[in-house]
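Data block below; observations after.
Reckoned from all heavy atoms, side chains included, excluding hydrogens, waters and symmetry mates.
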Amino acid sequence: MSEFFYSGPLARSEYRFINTTLLYVDERYTEGLANLIRDELTGWLDLDYGYPIKKKSVQASQKHTFYSPFGRYYTSNYLIRSLAGCSTEDCLDKYDFPQEDRALMNQQADALKSYSEPNSNCSLFFVTREMMWDVCSSHKKGGKRSMGSGEECPLGCDGPCHYPAISFGDIDDLQLDRAKASLRNFDAVMITDTMSEEDQSDFLSDVLGTPRDAKFALKNRTLVNNFRVEKTNRHDKSRFYRDLLNNLGLKDEAARLRKENKLDAKLFSYAEKLNAQMLKSWKHERSNVEDQDHPHHDSSVLIVMYHKTGYVLTRHLAKSAIDMEFQARGRAHKKNKLGPSLDNFDEETGEQIAFGLRGNWNSNFVRARSHSPITKCHPKFQLSAGAIHLQEAPDFFCSDSEVLDSMLDKSKQGKKTTKIVHFIRNPFSMVLSNYFYHAQSPTPEKWVHTDEPCEHNYKSGGSLAESVLPILASRTRIQRHHFDEVVNICVGLYQTRESLKNSTFYEHLLEMDHYDGLRLATAQMIISSSAANRNLAGGDILRMASNIIKLDNLQSNSALPQDKREMVHIMSITMEDYMKDKGNKTLQFFDFIFGQDNDLITEEIKLDVVSKHDRMSDRKKNGSHVTQGKHADRDELRGRLMADPVFGLILNETEMLVNQAAAKKHR
């Protein structure tokens with residue numbers, strides 16, 4: 001209905017004026033406004049273009065029929081269309097989005113780098129050709145409206161008003177799921193009807209990390225309300241317009257709007273649940289309950305791992321940490337129903353019961369092995385206090401300052417710490433485990449059937465080498481020509497033999513002798529951009545080495561503010577050390593994230609969980625995930641890799657970084 005009031009009343013050639021002084025009488029709409037809705041709504045619903053214009057003009061020139069924001073074309077499930085747009089390759093593949101249009105989208109990526117570009121491009125809603133991307137709807141090329149002009153748009157805005165996205169035509173539950181996932185990634189979801197104006201102002205101030213009493217705070221600004229009557233009860237807030245339309249005899253129109261926006265209603269219901277969780281968290285912080293009782297929730301916890309470096313183990317450890325807090329409080333642990341983002345608060349008191357969780361058994365906090373081609377880090381990587389973040393193979397390729405800022409919770413008042421648990425592994429053991437694991441029959445992971453192991457370039461341009469080698473140059477001898485030599489080895493092994501010319505990566509691992517199969521799999525672990533397997537594997541040897549240096553810089557780089565450096569604590573655990581002494585390493589892990597002198601998580605509780613982990617590890621020794629000790633030629637293959645002039649240097653340099661990180665005390 002807000003969209004109708006914005007554009008619907010202009011359907012006639014003359015404006016319709018309402019006496020705003022008499023707009024409300026006894027908290028009811030006046031007869032004049034009722035007549036406006038009755039006269040205009042039905043006709044507006046039948047429009048199929050944006051801002052209403054005369055029929056004669058539409059017939060005379062098609063240029064007047066482009067779709068506009070708040071027009072009828074986007075009234076249907078408007079919120080979902082706004083949130084469900086996508087620009088990743090796997091998503092665009094589902095929509096058969098043309099390659100030439102993808103190239104134009106990538107060319108315009110620079111428009112997204114700033115929130116204050118002076119030459120802003122058009123909103124994603126100003127489109128042509130039923131497409132959610134057009135730089136300027138009024139630009140012509142060769143007599144036809146086109147994409148990708150790059151010109152300043154006369155209908156532009158000051159801000160990130162568009163992005164490379166596609167979400168048009170009929171929508172279904174797939175777009176609803178994408179919209180939900182997008183909504184979960186916002187720092188805050190605020191539904192104004194659930195909060196007073198003062199609370200809205202304080203909530204926004206806390207989310208932005210600004211003082212609540214600042215002059216620019218919402219509650220301290222002189223604003224003109226766009227309403228005259230407070231909707232004071234839940235019924236009015238949720239059913240006011242439905243009741244109004246029914247009372248005006250517009251039941252068919254009400255039913256039509258309800259049917260059109262069925263999916264949006266589902267999204268709003270989901271948003272209400274997210275909003276309720278966030279409000280509980282915020283109210284809990286506001287009352288300082290967690291600060292008084294459980295200081296370990298002041299910390300953000302990040303657990304980093306890589307392929308064949310504790311993916312399953314870290315999930316068990318995170319789950320156990322949360323279970324321990326529920327156990328210590330004598331509470332039942334309810335399963336999360338909202339997906340990979342979980343917060344554990346008491347529904348009545350708002351008290352935080354246990355660490356929240358970002359990521360789960362099947363997903364990470366943010367997508368692994370991915371980063372913005374502009375910033376070189378993932379745009380949504382921002383830790384939050386009171387939560388454990390599970391992250392496989394993160395790309396920390398941006399500056400030390402940017403990495404540090406992403407590690408610190410910006411919404412918390414006061415000084416909050418970040419605890420990073422970095423699971424690393426001897427690179428020789430890592431590549432051997434990787435090879436034997438994927439060469440099993442059947443193979444445990446499907447991506448090896450479709451991967452292109454030698455694909456080292458990103459689809460946005462450049463390669464992994466350009467991101468990691470400048471970082472590695474500060475502490476290793478690994479140089480660009482070493483990377484290129486591995487690329488050449490990979491290309492020389494893959495699909496070059498007559499019997500393997502049309503074979504998959506997996507078939508190569510099965511058919512090659514062990515050393516050549518190991519070299520091919522190792523090359524993939526060093527050079528692959530992961531573009532060919534949707535970021536599921538590849539490049540983790542150099543990525544792990546690079547991240548060891550980047551995380552160390554968070555504490556040792558004197559150019560960074562000392563008070564921020566002191567807020568970061570790091571614990572590095574090698575898989576070799578963990579397997580040799582599982583009990584003590586598990587205990588050290590819990591001591592690190594909870595603190596050794598935690599009154600809530602007692603030594604008895606921790607030792608009980610440690611015992612369970614020992615028994616679980618013993619049961620899994622014969623599973624497909626464990627390859628250690630199952631191959632007689634493992635030591636021989638390791639020796640050949642160490643002596644290899646190309647692989648040996650890269651793996652030896654990485655091994656030294658791993659050993660140096662493991663030798664340091666918890667910092």
Side-chain angles (χ1 to χ4, degrees), residues 187 281 284-285 290-291 293-306 309-326 328 333 336 340-345 352-361 363-366 368 378 380-394 396 403-412 414-424 547 550-551 554-555 564-573 578 585-598 600-601 605-606 609-610 613 661 666-667:
D187 293 327
S281 173
H284 174 53
E285 293 171 23
E290 66 175 21
D291 289 341
D293 297 335
H294 312 301
H296 58 265
H297 290 153
D298 289 348
S299 299
S300 308
V301 178
L302 172 65
I303 305 178
V304 176
M305 80 298 303
Y306 305 88
T309 313
Y311 183 95
V312 174
L313 169 64
T314 54
R315 267 69 188 163
H316 281 292
L317 289 172
K319 179 180 182 299
S320 295
I322 294 172
D323 288 343
M324 287 162 66
E325 292 200 74
F326 275 88
H333 187 185
N336 176 31
S341 182
L342 167 68
D343 289 301
N344 292 305
F345 290 91
Q352 184 163 3
I353 302 170
F355 273 114
L357 188 64
R358 305 291 182 264
N360 59 23
W361 293 101
S363 66
N364 291 288
F365 170 46
V366 299
H378 196 288
K380 293 183 178 178
F381 189 96
Q382 183 68 59
L383 302 188
S384 54
I388 297 173
H389 306 73
L390 294 168
Q391 185 58 53
E392 180 187 17
F396 295 143
V403 175
L404 179 58
D405 283 344
S406 72
M407 296 289 181
L408 302 176
D409 187 323
K410 297 180 179 179
S411 67
K412 289 279 186 178
K415 190 174 182 179
K416 308 297 179 181
T417 60
T418 293
K419 298 182 178 182
I420 303 171
V421 185
H422 196 192
F423 279 86
I424 52 182
N547 286 347
K550 292 296 284 189
L551 293 180
L554 300 185
Q555 296 179 318
K564 287 188 175 182
R565 286 188 281 137
E566 291 175 351
M567 293 164 67
V568 177
H569 304 259
I570 301 173
M571 176 183 187
S572 297
I573 302 177
Y578 187 87
K585 288 299 178 184
T586 303
L587 189 60
Q588 289 173 15
F589 170 84
F590 292 133
D591 283 344
F592 181 67
I593 66 170
F594 288 118
Q596 287 183 310
D597 300 322
N598 192 302
L600 178 68
I601 309 300
I605 291 176
K606 286 185 283 191
V609 174
V610 167
H613 270 269
H666 304 162
R667 295 163 288 157

Less than 4.5 Å apart, side chain to side chain, heavy atoms only: is that true for [X] and [Y]?
X      : Y      : result
Leu302 : Ser300 : no
Val301 : Phe594 : no
His296 : Phe355 : yes

field: Output field: ring centroids His569/Phe592 closer than 6.0 Å
entry: no
- request: Just do the side-chain contact (heavy atoms from CB on, under 4.5 Å) check on Ile303 and Phe589 with the steps written out, would you?
  value: CA-CA 10 Å; Ile303 305 178; Phe589 170 84; 3.7 Å; yes
statement: Residues passing the salt bridge (charged side-chain N to carboxylate O under 4.0 Å, His left out) test with Lys564, sequence neighbours excluded, are Asp405
- request: Can you sort out the partners of Lys606 under salt bridge (charged side-chain N to carboxylate O under 4.0 Å, His left out), two or more places apart, ordered by chain and number?
  value: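 For Lys606 the salt bridge (charged side-chain N to carboxylate O under 4.0 Å, His left out) partners, ignoring immediate neighbours, are Asp591, Glu603.
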task: Evaluate the side-chain hydrogen bond (donor to acceptor under 3.5 Å, both in side chains) criterion for residues Asn360 and Ser363: first the C-alpha distance (whole Å), next the side-chain angles of each, then the deciding distance (0.1 Å), finally the verdict.
output: CA-CA 5 Å; Asn360 59 23; Ser363 66; 2.8 Å; yes
Hey, is the main chain of [Y] close enough, under 3.5 Å, to the side chain of [X] for a donor-acceptor pair?
X      : Y      : answer
Thr309 : Met305 : no
Gln382 : Leu408 : yes
Gln352 : Gly386 : yes
His389 : Val366 : no
Arg358 : Ile388 : no

For the [atom1] atom of [X] and the [atom2] atom of [Y], what is their distance to the nearest 0.5 Å?
X      : Y      : atom1 : atom2 : result
Lys419 : Leu383 : NZ    : CG    : 14.0 Å
Thr418 : Ile570 : OG1   : CD1   : 10.0 Å
Asp409 : Thr417 : CG    : OG1   : 10.5 Å
Ile593 : Met324 : CD1   : CE    : 7.5 Å

ring-ring contact (aromatic ring centres under 6.0 Å, His included) against His378, all qualifying residues, sequence neighbours excluded: none
query: Can you list the residues that meet the ring-ring contact (aromatic ring centres under 6.0 Å, His included) rule with Tyr306, with sequence neighbours excluded?
result: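 Expected list: His422.
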- request: Please report the shortest heavy-atom distance between Ile601 and Asn598, naming the atom on each side.
  value: N-OD1, 3.0 Å
task: Applying side-chain contact (heavy atoms from CB on, under 4.5 Å), run through Met407 and Leu551 and close with a yes or a no.
output: CA-CA 10 Å; Met407 296 289 181; Leu551 293 180; 3.9 Å; yes
query: Residues in side-chain contact (heavy atoms from CB on, under 4.5 Å) with Thr586, at least two apart?
result: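 Only Leu317, Tyr578, Phe590, Val610, His613 meet the side-chain contact (heavy atoms from CB on, under 4.5 Å) criterion with Thr586.
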statement: By side-chain contact (heavy atoms from CB on, under 4.5 Å), Ala354 pairs with (sequence neighbours left out) Ile322, Glu325, Phe326, Asn344
- request: Report the C-alpha distance between Leu357 and Leu390 in whole Å, list the side-chain angles of each, state the deciding distance to 0.1 Å, and finish with yes or no for side-chain contact (heavy atoms from CB on, under 4.5 Å).
  value: CA-CA 8 Å; Leu357 188 64; Leu390 294 168; 4.0 Å; yes
